Amino acid sequence: MDASAETVRSALLAWYDDHARRLPWRSPPGSPPPDPYRVWLSEVMLQQTTTAAVAPYYAKFLDRWPRIEDLAAAEDGDVMAAWAGLGYYARARNLLACARAVAARGGAFPATEAGLRALPGLGTYTAASVAAIAFGEAATVVDANVERVVARLFAIEEPLPAARKAIRAAAETLTPDERPGDFAQAMMDLGATICTARSPRCLLCPLADYCRGRTQEPERFPVKPARKARPLRSGRAWWVEAGGKVFLVTRPGKGMLGGMRALPDDGWSARGDGDHLPPLDGPWRHLGTVRHGFSHFDLDLQLMLYSGDNCSRLSLNGEWWPLDRIDDAGLPTLFARAARFALADQGEDQGA
DNA sequence: GACCCGTGGGG
DNA sequence: TCCCCAAGGGT
């Protein structure tokens, strides 16, 4: 049952040679890695995000900003708009800060895990993955996939998050000096395609013979604490339209959807009594409610249409955005959905 | 360690 | 429908 680390490494790399996923930001097994800019860009996008969601964004960013100097020179708003829909917008702010920091040192990333870790937006995982994949450093890469694979391989009973220490220690015993980048990606591929969270395919697993968890119920690992229920908040957003344009604001740099273009809203506080007043004295018409799920709460956003005839006294700073280019506004998903709702409502009025 | 921070897909 | 989850980082 137990096997040497070398046995496990060899079995996994052999499996990877035949079964590696082909992804736009990845080189085939055993071949030279993509340049660090591409590795870094993909790794940041992949934080808490599926490969399918990342692919079109990765292509778009690389096409628009082929080198890190191009990204470093971009306008903040353009980068935020290009990130719209991908979520966790602090990543985009950190991406730009990191690009500028690297450009300032001549465009070359630090080539070590410790050096990478000091850059904005690179935490334990991303620093290790870029070091291993782009620079061939024998860094131990632990993401949710590796966590699951290792917890099962060693049948770690301790629940998360306390188990992270033991999981990392176990993972470190496996990390190879040769092909550390391939090894890291192999572990992640195994977790994504074989050792999945539900219904793991143990019959296809190259590590099945060495897995302690398999003799129990592999789905048990890693043991996780119960999840808290998501509360429901409510709020209002204001749709003000004139001359074929809609009034948009840019949200503050920090907090929810920070730095993103948006509809004006009332702040959707926890109790649903948002404190921001409407940007115009009425009349307002209730268009409908958009329910949206965020990471830690659900939101019922009531969409209010300004139905008066004098927009000249708007009390907010913002910009008038052409409705026929609303898809280019870079609205995060919540407000993109609200905008579609408002435009569909108008379509119905015209049809009726 | 706890909490904040998005979104879309799959079972 | 609902719940879970994903190549996590910052504070």
Side-chain angles (χ1 to χ4, degrees), chain A residues 20-21 23-26 38-58 80 83-95 97-98 116-134 139-149 159-165 168 171 181 183-193 195-200 219 222 224-233 251-260 262 270 291-299 331-337:
Chain A
R21 286 181 292 175
L23 298 168
W25 45 84
R26 177 187 281 185
R38 298 182 182 215
V39 175
W40 162 74
L41 179 62
S42 66
E43 290 298 342
V44 172
M45 288 182 167
L46 286 161
Q47 290 166 2
Q48 291 286 289
T49 308
T50 57
T51 56
V54 165
Y57 286 86
Y58 176 77
M80 298 311 291
W83 197 275
L86 197 55
Y88 284 139
Y89 298 100
R91 292 186 295 172
R93 304 194 294 269
N94 287 328
L95 188 84
C98 182
L116 290 160
R117 180 67 181 79
L119 293 170
L122 283 85
T124 307
Y125 162 77
T126 308
S129 62
V130 174
I133 296 170
T140 297
V141 176
V142 182
D143 76 325
N145 287 304
V146 178
E147 226 167 58
R148 188 170 56 253
V149 170
L160 294 176
R164 297 231 158 84
K165 194 174 196 175
R168 167 163 297 277
F183 179 81
Q185 294 177 93
M187 289 286 276
M188 294 191 277
D189 277 18
L190 190 71
T193 64
C195 195
T196 53
R198 286 168 289 200
S199 309
E219 304 93 319
K224 294 186 177 180
R227 175 175 299 223
K228 290 196 313 182
R230 284 197 305 196
L232 177 64
R233 298 188 193 177
R251 297 175 63 86
K254 298 188 176 182
M256 286 291 297
L257 312 177
M260 300 300 288
R291 174 164 293 190
H292 188 73
F294 289 112
S295 52
H296 55 299
F297 64 91
D298 291 320
L299 175 67
L331 295 173
T333 301
L334 165 68
F335 293 113
R337 289 181 56 203

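Since the model is a prediction, treat every value here as computed from it, not as a measurement. Proteins come first, then strands; the chains are lettered A, B, ... in the order of their sequence lines, and each starts at number 1.
- If you check distances only, the side chain of A:Arg21 does reach the base of C:dA7 with a donor-acceptor pair under 3.5 Å.
- Among the nucleotides C:dA7, C:dC4, C:dA6, the one closest to the side chain of A:Arg26 is C:dA7.
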Exercise. Taking it one step at a time, do A:Arg164 and A:Glu147 satisfy salt bridge (Lys or Arg N to Asp or Glu O under 4.0 Å)?
Worked result: CA-CA 8 Å; A:Arg164 297 231 158 84; A:Glu147 226 167 58; 2.6 Å; yes
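- Whole-Å rounding puts the A:Met188 CE to C:dA6 C1' distance at 12 Å.
- The distance from atom OH of A:Tyr57 to atom C1' of C:dA7 is 17 Å, rounded to the nearest whole Å.
- Applying the salt bridge (Lys or Arg N to Asp or Glu O under 4.0 Å) criterion to A:Arg26, with sequence neighbours excluded, gives A:Asp189.
- Put simply, CG on A:Asn145 is 7 Å from P on C:dA6, counting in whole angstrom units.
- Taking the six-membered ring for Trp and the full ring otherwise, the centers of A:Phe294 and A:His292 sit less than 6.0 Å from each other.
- Among the protein residues, A:Trp83 comes within range of no part of the nucleic acid, since none of its heavy atoms lies under 4.0 Å from any strand.
- Taking the ring axis of A:Phe297 as reference, the NZ or CZ atom of A:Arg230 does not stay both within 45° of it and closer than 6.0 Å to the ring centre.
- Here C:dC5 presents its P atom at 9 Å from CZ of A:Arg148, a figure rounded to the nearest Å.
- Going from atom CZ of A:Arg164 over to atom P of C:dG8 covers 10 Å, rounded to whole Å.
- Screening A:Val54, A:Val130, A:Val141 for a side-chain contact (heavy atoms from CB on, under 4.5 Å) with A:Glu43, the sole residue that qualifies is A:Val130.
- Mapped onto DNA chain C by nearest heavy atom, A:Thr126 and A:Arg227 fall at different nucleotides, with A:Arg227 at the one closer to the 5' end.
- If you check every strand for non-hydrogen atoms under 4.0 Å, A:Ser42 touches nothing.
- Along DNA chain C, the nucleotide closest to A:Gly121 and the one closest to A:Ala197 are compared, and the more 5′ of them pairs with A:Ala197.
- Separating the CG atom of A:Leu95 from the P atom of C:dG8 is a distance of 16 Å, rounded to the nearest angstrom.
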Seminar exercise, completed: Expected string for nucleotides 3-11 of chain B under the B/S/- scheme (protein heavy atoms, under 4.0 Å, primed atoms plus P, OP1, OP2 as sugar-phosphate) is -SBBBS---
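- Looking at every heavy atom in both residues, A:Asn145 comes nearest to A:Ala192 through OD1-N, 3.5 Å.
- Put simply, A:Thr51 has no side-chain N or O that comes within less than 4.0 Å of OP1 or OP2 on C:dA6.
- For the pair A:Leu122 CG and C:dA7 P, the interatomic distance rounds to 18 Å; values are reported in whole Å.
- Taking atom C1' on both nucleotides, C:dG10 is separated from B:dG1 by 14 Å, rounded to a whole Å.
- Across every non-hydrogen atom of A:Pro200 and A:Cys195, the tightest pair is CB-CA, 4.3 Å.
- The only member of A:Leu116, A:Leu119, A:Leu95 that meets side-chain contact (heavy atoms from CB on, under 4.5 Å) when paired with A:Trp40 is A:Leu95.
- If you take atom C1' in C:dA7 and the same atom in B:dA2, they sit 23 Å apart, rounded to whole Å.
- Base contact: A:Leu23 has a heavy atom under 4.0 Å from a base atom.
- Between the CG atom of A:Leu46 and the P atom of C:dG8 there is a distance of 8 Å, given to the nearest Å.
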